[in-house]
> 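Once you've had a glance at the structure underneath, I'll fire off some questions.
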Amino acid sequence: MELVVALGLIVFKVALLIAILLLLPLPLTWLERKIAGHMQQRMGPMRVGWHGLLQPVADGIKLLTKEDHIPAEADRFLFKLAPILALAPPFVVFAAIPFGETVSVLGNEITLYISNLNVALLFVFAVIGLEVYGVIFGGWAANSKYAVLGSLRTCAQMISYEIPMGFAVIGVVMLAQSMSLLDIVRAQSDVWNVVYQPIGFFVFFVAGLAEAQRIPFDLAEAEGDLGAGFHTEYSGIRFALFMVSEYVVMVLVSVLTVILFFGGWNGVLIPLPPLLWFLLKVAFFIYLFMWFRFTFPRYRYDQLMAIGWKVLLPLSLANIIISGVVFS
């Protein structure tokens with residue numbers, strides 16, 4: 001009986017997590033457009049619902065009912081597979097993400113995570129790296145010059161920034177003496193890692209912007225010269241899957257930043273529930289993503305590559321050496 005209850009709880013957690021991640025782009029798109037509007041001294045969405053609150057629902061209905069167009073010369077199998085490959089890895093990664101320790105429900109202790117992997121950090125980087133295949137297949141299968149250029153840019157960009165991003169967390173692993181995300185958060189109960197690892201945080205967050213393909217690192221989707229890049233030929237629900245993937249990756253990078261460098265659910269001064277502390281920190285970094293999008297100009301591609309290889313990589317290596325000397 002206990003095994004059945006445990007399996008049922010796991011299934012419930014997975015279903016709840018998938019539902020939240022699928023629905024999360026709805027409020028985030030509205031919020032992003034509102035932030036853009038206020039930064040640019042305009043109103044943002046106002047027509048559908050109070051202050052445009054139902055605009056994401058209207059956009060969702062439009063995408064679901066829009067014609068699913070596939071170019072005549074496209075590789076139909078890869079064209080259909082690409083959005084799934086882009087969406088699946090970020091969802092799978094969340095199986096190893098903890099949102100807290102435990103909560104008591106009707107006298108029963110329920111953990112706020114699906115799985116506590118002892119190599120969770122390694123699992124996260126291994127799985128999220130698979131996302132690039134969806135983008136590459138989408139650009140290649142469309143048989144469009146602009147889409148292919150966008151996918152090639154993405155491949156080079158993600159490889160360039162995954163390396164310093166991985167190196168940036170080695171100092172965190174040194175401090176926690178573990179790759180378990182739970183252990184990393186517990187090790188920050190007194191002092192957050194950002195105090196000891198400011199360089200690691202800077203490298204990780206900037207590389208995260210590039211991994212999420214957000215401005216100023218959205219060269220894979222540069223509308224001005226690629227017409228939208230790798231998903232130029234996509235429409236309807238397949239286009240929506242790419243957009244959902246982008247928002248889920250943005251949330252994932254924000255969550256990892258909080259867990260690795262800002263104490264996870266550990267709070268300071270104000271006695272708030274741990275889960276609320278965690279959500280407030282994640283919301284702050286999501287806001288930073290949106291703020292940067294409407295503040296900084298897009299880099300040229302040569303500048304983007306130079307930042308990855310000539311700035312972030314040396315900084316991440318220097319951080320490893322300094323951390324090894326100081327914490328050994």
Side-chain angles (χ1 to χ4, degrees), residues 16-71 79-80 82-84 86-87 90-91 94 134-135 138 142 144 146-147 150 209 212-255 276 279-298:
L16 180 63
L17 186 61
I18 291 174
I20 291 173
L21 292 177
L22 283 175
L23 294 176
L24 203 55
L26 293 178
L28 289 181
T29 53
W30 177 84
L31 183 63
E32 185 163 22
R33 293 175 68 182
K34 279 294 185 181
I35 290 173
H38 287 289
M39 285 186 173
Q40 298 165 357
Q41 295 186 339
R42 54 186 178 83
M43 300 298 291
M46 291 291 291
R47 292 183 177 273
V48 187
W50 182 78
H51 274 263
L53 279 172
L54 297 179
Q55 185 64 54
V57 178
D59 291 339
I61 294 172
K62 178 192 72 174
L63 289 170
L64 287 171
T65 56
K66 199 171 183 180
E67 179 186 2
D68 181 21
H69 173 74
I70 300 179
F79 191 86
K80 294 177 181 179
I84 300 172
L87 186 63
F91 275 70
F94 271 95
V135 176
S144 164
Y146 298 110
L209 282 170
Q213 298 165 30
R214 301 280 298 187
I215 288 177
F217 300 102
D218 70 331
L219 270 295
E221 305 174 12
E223 296 89 347
D225 48 328
L226 292 177
F230 61 89
H231 53 59
T232 298
E233 303 295 340
Y234 281 88
S235 62
I237 187 63
R238 301 187 205 281
F239 174 81
L241 291 179
F242 277 119
M243 293 299 98
V244 171
S245 173
E246 180 179 315
Y247 277 100
V248 172
V249 171
M250 179 177 70
V251 173
L252 176 61
V253 173
S254 301
V255 167
L276 182 57
L279 294 177
L280 287 174
K281 294 176 189 177
V282 171
F284 171 75
F285 281 101
I286 290 174
Y287 173 74
L288 280 187
F289 272 90
M290 298 177 180
W291 174 19
F292 288 178
R293 176 176 180 179
F294 304 107
T295 302
F296 297 107
R298 179 184 292 130

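It should be emphasised that the depicted structure is a prediction, and the values quoted were computed from it without experimental measurement.
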> Could you tell me whether the side chain of Q55 reaches within less than 4.5 Å of the side chain of T29, counting heavy atoms only?
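Side chain of T29 against side chain of Q55, heavy atoms only: no contact under 4.5 Å found.
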
> Residues two or more places apart in sequence or in another chain: which of them pass side-chain contact (heavy atoms from CB on, under 4.5 Å) with P71?
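side-chain contact (heavy atoms from CB on, under 4.5 Å) list for P71, sorted by chain: H69, A74, F79, E233.
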
> For T295, give me all partners under side-chain hydrogen bond (donor to acceptor under 3.5 Å, both in side chains), at least two apart in sequence or on another chain.
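T295 satisfies side-chain hydrogen bond (donor to acceptor under 3.5 Å, both in side chains) with W291 once adjacent residues are dropped.
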
> Ignoring hydrogens, what is the shortest heavy-atom contact between F289 and V253? Give both atom names and the distance.
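Looking at all heavy atoms of both residues, the shortest contact is CZ-CG1, 3.7 Å.
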
> Considering non-hydrogen atoms only, spot the tightest contact between F94 and V255 and give its length.
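Smallest heavy-atom distance, with atoms named: CE2-CG2, 4.4 Å.
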
> Suppose we screen for ring pair (Phe, Tyr, Trp, His ring centres under 6.0 Å). Which residues come up paired with Y247, at least two apart in sequence or across chains?
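Result, ring pair (Phe, Tyr, Trp, His ring centres under 6.0 Å) vs Y247: none returned.
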
> Find the distance between CD1 (I237) and CD (E67) and round it off to the nearest 0.5 Å.
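Going from CD1 on I237 over to CD on E67, the span is 15.0 Å.
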
> Please enumerate all residues that pass side-chain hydrogen bond (donor to acceptor under 3.5 Å, both in side chains) together with R238, with sequence neighbours excluded.
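R238: side-chain hydrogen bond (donor to acceptor under 3.5 Å, both in side chains) contacts with D68.
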
> When you compare the side chain of M243 with that of L63, does any pair of heavy atoms fall below 4.5 Å?
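Heavy-atom side-chain distance check fails, nothing below 4.5 Å.
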
> Could you name each residue pair satisfying salt bridge (charged side-chain N to carboxylate O under 4.0 Å, His left out) that touches residues 34-62, not counting sequence neighbours?
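Those involving residues 34-62 are R33-D59.
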
> Who are the salt bridge (Lys or Arg N to Asp or Glu O under 4.0 Å) partners of E32, not counting sequence neighbours?
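For E32 the salt bridge (Lys or Arg N to Asp or Glu O under 4.0 Å) partners, ignoring immediate neighbours, are R214, R293.
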
> Going by the rule ring pair (Phe, Tyr, Trp, His ring centres under 6.0 Å), which residues pair with F242 if we only count those two or more places apart in sequence or in a different chain?
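Only F230, Y234 meet the ring pair (Phe, Tyr, Trp, His ring centres under 6.0 Å) criterion with F242.
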
> Using every non-hydrogen atom in the two residues, find where A142 and A147 come nearest and quote the distance to one decimal.
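For A142 and A147, the tightest heavy-atom pair comes out as CB-CB, 4.1 Å.
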
> Is a donor on one side and an acceptor on the other found under 3.5 Å between the side chain of S235 and the backbone of K66?
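Not confirmed, S235 side chain does not pair with K66 backbone.
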
> Identify, with sequence neighbours excluded, every residue that meets ring pair (Phe, Tyr, Trp, His ring centres under 6.0 Å) alongside F294.
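With neighbours one apart ignored, the set is empty.
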
> With a 3.5 Å cut-off and sequence neighbours excluded, list the donor-acceptor pairs that the side chains of residues 279-287 form with protein atoms.
residue	atom	partner	partner atom	Å
K281	NZ	F262	O	2.6
K281	NZ	G264	O	2.9
K281	NZ	N266	O	2.6

> Closer than 3.5 angstrom, by distance alone: can the side chain of S245 be matched with the main-chain N or O of L241 as a donor-acceptor pair?
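Not confirmed, S245 side chain does not pair with L241 backbone.
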
> How long is the gap from CG on L87 to CG on L22, to the nearest 0.5 Å?
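Rounded to the nearest 0.5 Å, the CG-CG separation comes out at 7.0 Å.
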
> Residues in side-chain contact (heavy atoms from CB on, under 4.5 Å) with F292, at least two apart?
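Partners of F292 under the side-chain contact (heavy atoms from CB on, under 4.5 Å) test: F205, L209, L288, F296.
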
> Under the rule for side-chain contact (heavy atoms from CB on, under 4.5 Å), what residues qualify as partners of L23, not counting sequence neighbours?
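In terms of side-chain contact (heavy atoms from CB on, under 4.5 Å), with neighbours along the sequence ignored, L23 is linked to L26.
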
> Might you work through the side-chain contact (heavy atoms from CB on, under 4.5 Å) test for K80 and I70, ending with a clear yes or no?
CA-CA 9 Å; K80 294 177 181 179; I70 300 179; 3.7 Å; yes

> If you compare all heavy atoms of M250 against all heavy atoms of L28, which two are closest, and at what distance to 0.1 Å?
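That closest heavy-atom pairing would be CE-CD1, 4.2 Å.
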
> Is it true that a side-chain atom of W30 and a backbone atom of H51 form a donor plus acceptor pair closer than 3.5 Å?
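Checking the backbone N and O of H51 against the side chain of W30, a donor-acceptor pair under 3.5 Å is found.
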
